[in-house]
Every structure is written in C-alpha cells, then in structure tokens.
Amino acid sequence: MRITRAEADNLLRRDVAHAEKAVLELVRVPLEQNQFDALVSFCFNCGRGNLAKSSLLRKLNAHDYDAVPGELAKWTRAAGRVLPGLVRRREAGAKLWVGYEGSDTDNAKPDAPMAKPM
C-alpha cells in the first residue's frame, strides 16, 4: 500500500484523536498537559482496551500519580519478550509524565503547539 504524506498525516491525526478521546473518557482525575500527553502516547501504542483494564489506570484514578512511571515500565513485552525499543519508549513516557523537558521534545520547535485535551 502506498499513501501520500498528507494521507499519512491524516491517518495519524485520526489515530491520535482516538487515543486522546480514550484518555479523556477513562481518566477520572485532573492531569497536567505532560501527563495527558504521556497517557495519549501510551494509549496510542497499547490501545484503549489495555489502558482501560490496566493497574496503571486503576492507580491513577485512585489519585496515585506517583505510581504511573512504574506502571508504564511494566509494558515492555511483546510475545513474552522484553523489547529494548519498548523499554526506551516507556522510559520516555515516564520522563514525559514527570515533566522532564528532554523526554520527547528535544527535536520539537519552541513555538510548536502542544496537544490540548478537548
């Protein structure tokens, strides 16, 4: 299958919107922008169903914000094996969660808008 850059961008926007909607519907506690972004990234990668049934969500909705980085670190396996790429992805998500500026934004333009919860 071949698609244009514009088509790829539209597909990405649609998929991210689904992840944003899932986070907005499932999370029952207030979030900072960086926390919202970290959860959207996780949901985009792992899916709404996995977020919905996760201990991460249960602990977060019980106001245990500090548990989230450790809960993210549990999601590093595919087909029963720990994958280095997933380890790095979860580490980046944990850094984003706590507001570490270098997590996923090292290459971002300073004036680039951040995703906002709807």
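Using a 4.5 Å heavy-atom threshold, the side chains of P84 and R88 count as touching. Residues P69 and V98 have side chains in contact (heavy-atom distance under 4.5 Å, counting atoms from C-beta outward). With contacts defined as side-chain heavy-atom distances shorter than 4.5 Å, the pair L24/F36 qualifies.
L51 approaches L57 most closely through the heavy-atom pair O-CB, 3.3 Å.
Every side chain to side chain contact (heavy atoms under 4.5 Å, CB included) that A78 has, sequence neighbours left out, goes to L83, L86. Applying the side-chain hydrogen bond (donor to acceptor under 3.5 Å, both in side chains) criterion to E71, with sequence neighbours excluded, gives S55, K59, K74. When the side-chain hydrogen bond (donor to acceptor under 3.5 Å, both in side chains) test is applied to R28, no partner is found at least two apart in sequence or on another chain. N61 is linked by a side-chain hydrogen bond (donor to acceptor under 3.5 Å, both in side chains) to nothing, counting only residues two or more places apart in sequence or in another chain. Residues meeting the side chain to side chain contact (heavy atoms under 4.5 Å, CB included) test with V16, sequence neighbours left out: L12, E20, V40, F44. For the side chain to side chain contact (heavy atoms under 4.5 Å, CB included) test, residues two or more places apart in sequence or in another chain that qualify with R14 are L11, H18. Judged as a salt bridge (charged side-chain N to carboxylate O under 4.0 Å, His left out), and not counting sequence neighbours, the contacts of D9 are R5. For R48, the side chain to side chain contact (heavy atoms under 4.5 Å, CB included) partners are A22, E25, L26, C43, not counting sequence neighbours. By the side-chain hydrogen bond (donor to acceptor under 3.5 Å, both in side chains) test, N45 pairs with R89, R90, sequence neighbours left out.
Counting heavy atoms of neighbouring residues, nucleotides and ligands inside a 6.0 Å radius, atom CG of D15 exceeds 12 of them.
Under a hydrophobic clustering in which Ile, Leu, Val, Met, Phe, Trp and Tyr are joined whenever their side-chain heavy atoms come within less than 4.5 Å, directly or via other members, L72 and V87 fall into different clusters.
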Exercise. Can L60 and L31 be said to form a side-chain contact (heavy atoms from CB on, under 4.5 Å), step by step?
Worked result: CA-CA 10 Å; L60 177 58; L31 297 171; 4.2 Å; yes
For this session: Just do the side-chain contact (heavy atoms from CB on, under 4.5 Å) check on W97 and D37 with the steps written out, would you?
Result: CA-CA 8 Å; W97 176 263; D37 294 345; over 6 Å; no
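Among residue pairs with one or both ends in residues 61-93, those qualifying as ring pair (Phe, Tyr, Trp, His ring centres under 6.0 Å) are F42-W75; sequence neighbours excluded.
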